[in-house]
Amino acid sequence: MTTATTTPPARRPGPGQARKRRRRLSPHAPFALPAVVVLGLFSLYPLIQLLRMSVSDVSTSNLGQDWAFVGLQNYLDGFASGATGDALARTAIFVLAVTILGMIGGFAAAAALRTKGWWSSVLLSLMVFAWALPPVVNGSVWKFLLASDGLANSIVTGLGFSERPFLYDQYWALGSVAVVNAWAVIPFNTLVFRAALLQIDREQFEAAALDGASRWQEVRHIMLPAVRPTSLVLLILTVVYGFRSFDFIYVMTYGGPGTATNTLPFLGYLQAFTRYDYGLGASTSVLAVAMVLLLAVVYARSIRREETRG
Amino acid sequence: MTLLYGVPLFWIVLTSFKGSDEVFGPAFSFSPTLDAYRDMIGPQLWSSLQQSVAIAVGTTAFVLLIAVPAAYAVARVSGWVSMIGLGLLIVFQMSPQTANVIPLFQIFGEWRMLDSTAGVIVADTALLTPFAVMLLRPFFRAVPPQLEEAAAIDGAGVMRIFATVVLPIARNGVFTVGTLVFLLSWGEFLYAVNFYLSPGQYPLSALLAQQVSAFGINWPGLMALSVLTSIPILIVYLLAYGQLRDGLAAGSVK
């Protein structure tokens with residue numbers, strides 16, 4: 001990228017310049033056309049259809065025909081049965097656990113792997129590989145490790161405790177799946193934090209060492225400020241990851257035991273595909289998408305801020 | 001940390017060589033056997049492998065075909081149209097897949113796209129394109145517009161500038177995104193489980209999802225299937241690791 005040094009970086013142009021550029025660069029718009037067509041048909045239209053289903057009475061028998069309009073009945077049913085409220089509470093706990101563990105774990109791993117030893121590069125590549133594996137594979141092995149006589153319980157009983165029902169108890173199950181989800185997102189967060197930490201000038205650490213700074217002071221005064229700009233975006237990505245997660249739930253507990261791991265997105269799926277009440281499932285999913293809209297606004301604003309900063 | 005990530009991966013491989021009576025027995029003293037693999041390798045496995053390859057390759061090609069030019073457009077066009085476009089992309093990217101599968105099932109039923117690999121590829125493409133565009137956008141933004149202007153003065157058309165000036169500079173981004181889309185579509189199972197009407201058509205990921213939620217799990221068989229499903233991932237990963245490590249961090253938070 002030798003040219004980048006001789007030409008000024010592409011900053012936001014002034015108002016007059018912007019008008020000129022927009023007119024001149026408008027031939028770029030057709031490049032988006034294929035994506036607009038595909039996403040219009042298979043992303044936007046389904047969302048509209050989801051909205052329509054959520055206010056209709058749709059079951060297997062009339063799925064392909066006209067639906068009777070029922071207004072907000074599906075939404076009211078969801079709340080009245082308690083399923084929606086419970087799922088909201090579970091989702092909140094689940095997302096909170098995944099986010100806290102994922103952010104702290106990712107930062108801790110990045111801080112530990114910042115150095116360029118061979119062990120840290122082996123570990124980093126191992127973590128990224130685990131991250132790259134399909135969630136069904138990771139979910140299967142964790143289901144196995146957390147089974148009643150699996151490895152996790154062998155360790156627990158070996159330490160002198162009694163066996164834990166990691167996946168078979170309504171409180172343990174939600175926690176277990178959340179921890180496994182955090183495990184799955186930590187490698188990605190580590191990569192992002194690591195990239196920010198690698199930007200730090202080596203001299204800063206040398207100066208800190210000369211001043212006799214402790215490891216904790218290094219983290220607090222050098223590393224944390226360095227990752228702050230990317231943290232907000234990563235935080236939102238992690239929240240969204242936890243929120244839309246369904247694959248580990250599908251594989252490890254399928255929403256159970258009972259309804260213990262029915263988060264909002266998974267509840268919508270079960271209502272549609274195991275109870276065959278597509279209207280009810282759609283209404284639950286619309287609530288999930290509405291929550292996403294909120295997060296999307298925050299996300300869009302924070303990446304804009306990142307970009308204008310340059 | 002090493003144990004946390006090493007042990008699960010190691011355990012998959014270890015268990016896949018155990019007999020079904022030794023699964024929960026002592027960890028290391030067992031007689032290694034290939035029974036689990038022998039059970040799994042059969043016509044079903046081969047057809048599932050073919051399905052996985054078709055879906056992953058098809059989706060990757062399709063996504064790149066539409067997302068690369070779209071990302072370039074989104075990076076260059078300014079104003080309220082592109083703001084709306086970006087907003088929609090973010091919403092699509094963040095929506096839970098469980099919310100897409102419900103209307104798509106109905107739409108595919110109406111359009112006779114159920115039970116077809118093309119349907120799954122199209123659904124996966126719609127699922128992964130927003131993510132691909134968002135990840136590619138910063139790579140195109142990093143291309144200095146002055147380079148394009150210089151080429152334009154030399155009389156090159158928009159298409160030629162894109163192909164000869166812009167694309168080579170954004171090459172790393174395209175490579176990273178292509179790898180990720182391949183990995184994600186290889187592992188995608190929710191669409192496959194719901195859009196194929198019989199398990200005979202399932203790709204490996206869906207087969208795995210079906211077996212793990214079945215009653216009375218055959219653990220060595222499941223782990224053998226996990227290993228077989230992961231081998232292509234390992235190959236892609238070994239080829240692309242360096243690129244992935246650097247490109248992912250650069251693209252996803254900028």
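Chain naming here is simple, since letters A, B, ... match the order of the sequence lines and numbering starts at 1 in each.
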Colleague: Checking heavy atoms, do the side chain of B:Leu89, its backbone, both or neither come under 4.5 Å from chain A?
Modeller: side chain
Colleague: Is chain A contacted by the side chain of B:Leu180, its backbone, both, or neither, given a heavy-atom distance below 4.5 Å?
Modeller: side chain
Colleague: To check you understand the geometry: which heavy-atom pair defines the closest contact between A:Trp183 and B:Pro8, and what is its length?
Modeller: CZ2-CG, 4.1 Å
Colleague: How far apart are the closest heavy atoms of A:Ala300 and B:Ile90, and which atoms are they?
Modeller: CB-CD1, 3.9 Å
Colleague: Against chain B, label A:Phe246 side chain, backbone, both or neither, depending on which of its atoms sit under 4.5 Å from a heavy atom there.
Modeller: side chain
Colleague: Between B:Met94 and chain A, with a heavy-atom cut-off of 4.5 Å, which part of the residue counts as in contact: side chain, backbone, both or neither?
Modeller: both
Colleague: Below 4.5 Å from any heavy atom of chain A, which atoms of B:Ile217 appear? Answer side chain, backbone, both or neither.
Modeller: side chain
Colleague: Examine whether an atom of A:Leu44 lies under 4.5 Å from a heavy atom of chain B, and if so say whether it belongs to the side chain, the backbone or both; otherwise answer neither.
Modeller: both
Colleague: Quick check for you: among B:Val158, B:Val81, B:Val227, B:Thr125, which has the greatest number of heavy-atom pairs under 4.5 Å with chain A?
Modeller: B:Val158
Colleague: Is it the side chain or the backbone of A:Ala112 that comes within 4.5 Å of chain B heavy atoms, both, or neither?
Modeller: neither
Colleague: Who wins among B:Val91, B:Thr2, B:Leu183 for the most heavy-atom pairs under 4.5 Å with chain A?
Modeller: B:Thr2
Colleague: Against chain A, label B:Val7 side chain, backbone, both or neither, depending on which of its atoms sit under 4.5 Å from a heavy atom there.
Modeller: side chain
Colleague: With heavy-atom distances below 4.5 Å as the criterion, would you say the side chains of A:Tyr269 and B:Asn194 are in contact?
Modeller: yes
Colleague: Chain A heavy atoms under 4.5 Å from B:Leu4: which part of the residue, side chain, backbone, both or neither?
Modeller: both
Colleague: Top residue by heavy-atom pair count (under 4.5 Å) with chain A, among B:Phe62, B:Tyr241, B:Trp186, B:Phe108?
Modeller: B:Tyr241
Colleague: Please state whether the side chain, the backbone, both or neither of B:Ala67 comes within less than 4.5 Å of a heavy atom of chain A.
Modeller: neither
Colleague: Under a 4.5 Å heavy-atom cut-off, does chain A meet the side chain of B:Ile12, its backbone, both or neither?
Modeller: both
Colleague: Pick whichever of A:Val286, A:Ile186, A:Ile236 has the most heavy-atom pairs under 4.5 Å with chain B.
Modeller: A:Ile186
Colleague: When heavy-atom pairs shorter than 4.5 Å are enumerated against chain B, which of A:Ala147, A:Pro187, A:Ser302 gives the highest number?
Modeller: A:Pro187
Colleague: Counting C-beta onward and ignoring hydrogens, is there a side-chain heavy-atom pair between B:Leu190 and A:Phe273 closer than 4.5 Å?
Modeller: no
Colleague: Of the non-hydrogen atoms in B:Ile66 and A:Ala35, which two are nearest, and what is the gap between them?
Modeller: O-CB, 3.7 Å
Colleague: Under 4.5 Å between any side-chain heavy atoms of B:Leu65 and A:Pro34, yes or no?
Modeller: no
Colleague: Roughly how far, to the nearest 0.5 Å, is OG1 of A:Thr190 from CZ of B:Arg245?
Modeller: 13.5 Å
Colleague: Give the member of A:Val251, A:Val289, A:Leu264 that has the highest number of heavy-atom pairs under 4.5 Å with chain B.
Modeller: A:Val251
Colleague: Only pairs of heavy atoms separated by less than 4.5 Å count here; which of A:Tyr250, A:Trp119, A:Phe266 has the most with chain B?
Modeller: A:Tyr250
Colleague: Are B:Phe105 and A:Leu63 packed together at the side-chain level, in the sense that at least one heavy-atom pair is separated by less than 4.5 angstrom?
Modeller: yes
Colleague: Could you tell me which portion of B:Val193 (side chain, backbone, both or neither) has an atom closer than 4.5 angstrom to a non-hydrogen atom of chain A?
Modeller: side chain
Colleague: Looking at B:Ser95, is its backbone amide N or carbonyl O close enough to the side chain of A:Arg244 to form a donor-acceptor pair, meaning the two atoms are under 3.5 Å apart?
Modeller: yes
Colleague: Identify which of B:Pro130, B:Gly187, B:Pro96 forms the greatest number of heavy-atom pairs closer than 4.5 Å to chain A.
Modeller: B:Pro96
Colleague: Is chain A contacted by the side chain of B:Leu88, its backbone, both, or neither, given a heavy-atom distance below 4.5 Å?
Modeller: side chain
Colleague: Under 4.5 Å, counting heavy-atom pairs only, tell me which of A:Ser285, A:Ser43, A:Ala195 racks up the most with chain B.
Modeller: A:Ser43
Colleague: Does a side-chain heavy-atom distance below 4.5 Å link B:Phe140 with A:His28?
Modeller: no
Colleague: Specify which of B:Gln211, B:Gln97, B:Glu110, B:Glu188 makes the most heavy-atom pairs with chain A at under 4.5 Å.
Modeller: B:Gln97
Colleague: Which heavy atom in A:Ala282 sits nearest to a heavy atom in B:Ile102, and how many Å separate them?
Modeller: N-CD1, 4.2 Å
Colleague: Name every donor-acceptor pair, under 3.5 Å, that has one atom in a side chain of residues 120-137 of chain A and the other anywhere in the protein, sequence neighbours excluded.
Modeller:
{"residue": "A:Ser120", "atom": "OG", "partner": "A:Thr115", "partner atom": "O", "Å": "2.9"}
{"residue": "A:Ser120", "atom": "OG", "partner": "A:Gly117", "partner atom": "N", "Å": "3.3"}
{"residue": "A:Ser120", "atom": "OG", "partner": "A:Gly117", "partner atom": "O", "Å": "3.1"}
{"residue": "A:Ser121", "atom": "OG", "partner": "A:Gly117", "partner atom": "O", "Å": "3.2"}
{"residue": "A:Ser121", "atom": "OG", "partner": "A:Trp118", "partner atom": "O", "Å": "3.0"}
{"residue": "A:Ser125", "atom": "OG", "partner": "A:Ser121", "partner atom": "O", "Å": "3.2"}
{"residue": "A:Ser125", "atom": "OG", "partner": "A:Val122", "partner atom": "O", "Å": "2.8"}

Colleague: Tell me, out of A:Lys143, A:Met53, A:Met291, who's got the most heavy-atom pairs with chain B below 4.5 Å.
Modeller: A:Lys143
Colleague: Would you say the side-chain atoms of B:Thr98 pair up with the backbone N or O of A:Pro265, donor to acceptor, closer than 3.5 Å?
Modeller: yes
Colleague: Output, in order, the C-alpha distance, side-chain angles, deciding distance and verdict of side chain to side chain contact (heavy atoms under 4.5 Å, CB included) for A:Phe144 and B:Thr15.
Modeller: CA-CA 10 Å; A:Phe144 179 52; B:Thr15 308; 3.2 Å; yes
Colleague: State, to 0.1 Å, how close A:Ser140 and B:Trp219 come at their nearest heavy-atom pair, and which atoms those are.
Modeller: O-CZ3, 3.7 Å
Colleague: Check whether any side-chain heavy atom of A:Leu47 lies under 4.5 Å from a side-chain heavy atom of B:Phe92, and answer yes or no.
Modeller: yes
Colleague: Which bit of B:Leu9 comes within less than 4.5 Å of chain A, counting heavy atoms only: side chain, backbone, both or neither?
Modeller: side chain
Colleague: Using non-hydrogen atoms and a 4.5 Å limit, figure out which bit of A:Arg52 sits close to chain B: side chain, backbone, both or neither.
Modeller: neither
Colleague: Non-hydrogen atoms of chain B under 4.5 Å away: do they reach the side chain of A:Phe243, the backbone, both or neither?
Modeller: side chain
Colleague: Within a radius of less than 6.0 Å around CG of A:Leu294, do more than 12 heavy atoms belonging to other residues, nucleotides or ligands occur?
Modeller: no
Colleague: Does any backbone or side-chain atom of A:Leu145 lie under 4.5 Å from a heavy atom of chain B? Answer side chain, backbone, both or neither.
Modeller: side chain
